[in-house]
A.B. asks: 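Please read through the structure below; I'll follow up with questions.
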Amino acid sequence: MLLDTQTTVTIKGGIDQLFDSKSKYTYEEYIHKATQHIKSFLDRDQFYSGDSQSDFESKSDLVAIDENANLSIDEALQEIKTLFLDHTIAFHHPNYVAHLNCPVLLPALVGDLIASSVNTAVETWDQSTSATFIEQEMIRWICDAMKLPKTADGVFTSGGTQSNFMALLLARDDYAFKHFGLNLKENGWSGEVSKFRFFCSEKAHFSIQKNAALLGMGYHSVIPVATDDTMKMKPDALVQAIEKEKQLGNLPIGIVATAGTTDFGSFDPIQTISKIAKEYGIWFHVDGAYGGSYVLTETHQHLLKGIEQADSVTIDFHKTMFQPVCSSAFLVKDTKNFKYVSYYADYLNPLEHRNEDYPNLIEKSIQTTRRFDALKLWFTLKMTGAKTIGSFLEKVHYLALDLYHSLKDDPCFELVHKPELSTLVFRYVAGQENIDAVNLYIKNTLFKSGQASVASTKFNGNTYLKFTLLNPKSTIDDLLSIIEMIKETAKTYKNYN
Ligand SMILES: *Cc1c(COP(=O)(O)O)cnc(C)c1O
């Protein structure tokens with residue numbers, strides 16, 4: 001029989017784990033104990049324990065969840081040490097040179113701890129109060145650094161992929177509205193949209209195509225434009241591609257320039273492309289997920305010239321501003337264009353209560369509940385400072401250049417570009433046969449043994465190795481020792497077969 005007047009729920013412990021003033025000393029103890037384990041993670045010799053030691057199958061009982069579980073903090077930490085901390089990838093380690101994962105700054109971690117503990121959600125003013133202003137201030141700061149006009153605005157996102165999604169969405173809906181009077185947000189799909197075309201370099205990030213598909217326009221709506229031998233989009237090829245699509249009866253609606261391609265770190269000629277976008281009267285987006293932060297440097301500012309003309313910009317603080325994931329932003333030249341994503345919900349942000357002085361950030365975001373990710377950037381800018389971050393970025397760029405100069409006359413290697421940012425794509429060519437297989441073997445062997453993590457990518461259909469350098473504490477000697485490992489490993493390829 002159901003009783004609706006009497007409480008029948010019995011709680012067996014665990015209630016003291018709710019975060020409030022009664023549990024504050026427990027909180028302190030948990031954080032302190034967790035910190036001890038994190039310290040031993042930092043002291044590990046290898047960037048990764050290697051495949052054989054992490055051996056996940058033998059630990060499947062640790063991953064599994066028992067509904068009556070009530071481990072102590074020490075027991076739980078011990079389990080996660082065995083399962084994860086002793087084995088997982090350490091991005092701060094000098095032998096990690098694979099992907100765009102940066103070592104993180106201490107002030108950012110403090111910001112993240114506060115943001116997680118207080119658990120602020122930033123979508124509406126009544127949930128976030130001053131957090132709204134802190135996020136807005138971080139957006140203002142980066143818009144100013146990029147010299148975007150006063151009408152510019154932005155919002156934190158989960159990453160470059162989401163920022164690029166918003167760029168294509170705004171471009172699509174703006175074109176549909178201005179040229180056909182269509183309101184896609186209200187009314188959905190229209191046949192005209194199938195003719196919409198975007199242009200980006202053939203080295204642009206895959207999220208452009210993926211997002212175009214998610215937005216109902218299909219992969220084929222993204223036209224890849226040829227790049228020159230420095231991996232930058234060719235403006236004349238862009239114009240030709242636009243003209244060709246027009247002749248086919250399609251509708252060019254936007255251009256994406258990449259400021260720092262994921263593989264080569266190359267910057268498309270932003271200023272020239274912005275003029276082309278203006279001539280055709282179409283949306284101009286700059287994907288600065290990787291290279292946008294270089295606006296803080298002396299060395300690269302000139303490569304970002306013209307970004308102030310962009311209709312929208314993607315920037316990833318979790319790639320090149322030493323922030324823990326997620327920390328990323330989408331910027332627009334004119335805040336009015338956020339109308340294509342804004343929604344007024346009765347329970348959250350009713351239109352009739354709209355008040356400019358107490359903004360609801362949800363009106364600019366495609367997310368609803370959203371973390372206070374701006375706080376870690378705020379701590380970083382206050383404690384580390386933008387100038388210092390700029391010098392870190394210059395440092396990793398010169399590291400890539402040093403490596404380039406060290407390898408370019410080495411007959412064991414073939415290089416395909418001079419680094420414009422902090423990546424180097426190259427391959428091991430001594431021995432001549434099965435070059436693709438040897439390079440893949442090198443990458444996999446170094447990873448599995450826990451010696452080093454190097455990425456691989458394709459160039460002209462062939463397999464190459466890639467270093468992505470994001471650690472300003474790394475030295476050229478650290479990198480050359482990985483190069484030695486590559487050579488030693490390559491020699492074992494024959495034995496392996
Ligand atoms: C990494 C990257 C992205 C995607 O960003 P996420 O934060 O991983 O979603 C987009 N564009 C470029 C150029 C990138 O390097």
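Every number for a ligand or one of its atoms is a count from 1 in the order of the listing.
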A.B. asks: Using the six-membered ring wherever Trp is involved, compare the ring planes of His179 and Tyr175 and label them parallel, tilted or perpendicular (cut-offs 30° and 60°).
C.D. replies: parallel
A.B. asks: When you measure from atom 1 (C) of ligand 1 to each heavy atom in His205, Lys203, Lys319, which option holds the nearest one?
C.D. replies: Lys319
A.B. asks: Rounded to the nearest 0.5 Å, what's the gap from CG on Leu184 to CG on Asp173? Could you check?
C.D. replies: 4.5 Å
A.B. asks: Could you name the option among Ser163, Cys326, Gly288, Gly160 that has the heavy atom nearest to atom 6 (P) of ligand 1?
C.D. replies: Gly160
A.B. asks: What's the shortest distance from atom 11 (N) of ligand 1 to any protein heavy atom, and which residue and atom give it?
C.D. replies: Asp287 OD2, 2.6 Å
A.B. asks: Closer than 4.0 Å to some heavy atom of Gly159 - which atoms of ligand 1 meet that?
C.D. replies: 7 (O), 9 (O)
A.B. asks: Between Thr261 and ligand 1, find which residue part has any heavy-atom pair under 4.0 Å and reply side chain, backbone, both or neither.
C.D. replies: neither
A.B. asks: Can you list the atoms of ligand 1 that are under 4.0 Å from a heavy atom of Asn164?
C.D. replies: 10 (C), 11 (N)
A.B. asks: Indicate whether any N or O donor in one side chain lies under 3.5 Å from an N or O acceptor in the other, for Ser190 and Glu192.
C.D. replies: no
A.B. asks: Answer yes when Asp334 and Lys336 have at least one side-chain N-carboxylate O distance shorter than 4.0 Å, and no when they do not.
C.D. replies: yes
A.B. asks: Flag Tyr290 as yes when one of its N or O atoms lies below 3.5 Å from any N or O atom of ligand 1, and as no otherwise.
C.D. replies: no
A.B. asks: Could you say whether the N/O atoms of Thr258 and ligand 1 ever approach to under 3.5 Å?
C.D. replies: no
A.B. asks: Can you tell me if His318 contacts ligand 1 (heavy atom of the residue under 4.0 Å from the ligand)?
C.D. replies: yes
A.B. asks: Ion pair present between Arg427 and Glu414, side-chain N to carboxylate O less than 4.0 angstrom?
C.D. replies: yes
A.B. asks: Closest heavy-atom contact between Phe317 and Ala329?
C.D. replies: CE1-CB, 3.8 Å
A.B. asks: Do the side chains of Thr120 and Val122 get nearer than 4.5 Å, heavy atoms only?
C.D. replies: yes
A.B. asks: Taking the non-hydrogen atoms of Gly260, is any one of them nearer than 4.0 angstrom to ligand 1?
C.D. replies: yes
A.B. asks: Residue-level breakdown please: for Asp316 versus ligand 1, do any non-hydrogen atoms fall below 4.0 Å on the side chain, on the backbone, on both, or on neither?
C.D. replies: side chain
A.B. asks: Could you tell me whether some N/O pair between Ser207 and ligand 1 is separated by less than 3.5 angstrom?
C.D. replies: no
A.B. asks: What orientation do Phe330 and His285 show, parallel under 30°, tilted 30 to 60°, or perpendicular over 60°?
C.D. replies: tilted
A.B. asks: Tell me: protein heavy atom nearest atom 9 (O) of ligand 1, and distance?
C.D. replies: Thr161 OG1, 2.6 Å
A.B. asks: Against heavy atoms of Ala289, which atoms of ligand 1 measure under 4.0 Å?
C.D. replies: 2 (C), 3 (C), 10 (C), 11 (N), 12 (C), 14 (C)
A.B. asks: Among Tyr464, Tyr404, Phe467, Phe426, which one satisfies ring-ring contact (aromatic ring centres under 6.0 Å, His included) with Phe413?
C.D. replies: Phe426
A.B. asks: Does only the side chain of Leu100 get under 4.0 Å from ligand 1, or the backbone, or both, or neither? Count heavy atoms.
C.D. replies: side chain
A.B. asks: Which residue supplies the protein heavy atom nearest to atom 15 (O) of ligand 1, what is that atom called, and how far is it?
C.D. replies: Thr262 OG1, 2.8 Å
A.B. asks: Pair Asp112, Arg371 - check salt bridge (charged side-chain N to carboxylate O under 4.0 Å, His left out), show working.
C.D. replies: CA-CA 10 Å; Asp112 225 6; Arg371 281 174 54 83; 2.5 Å; yes
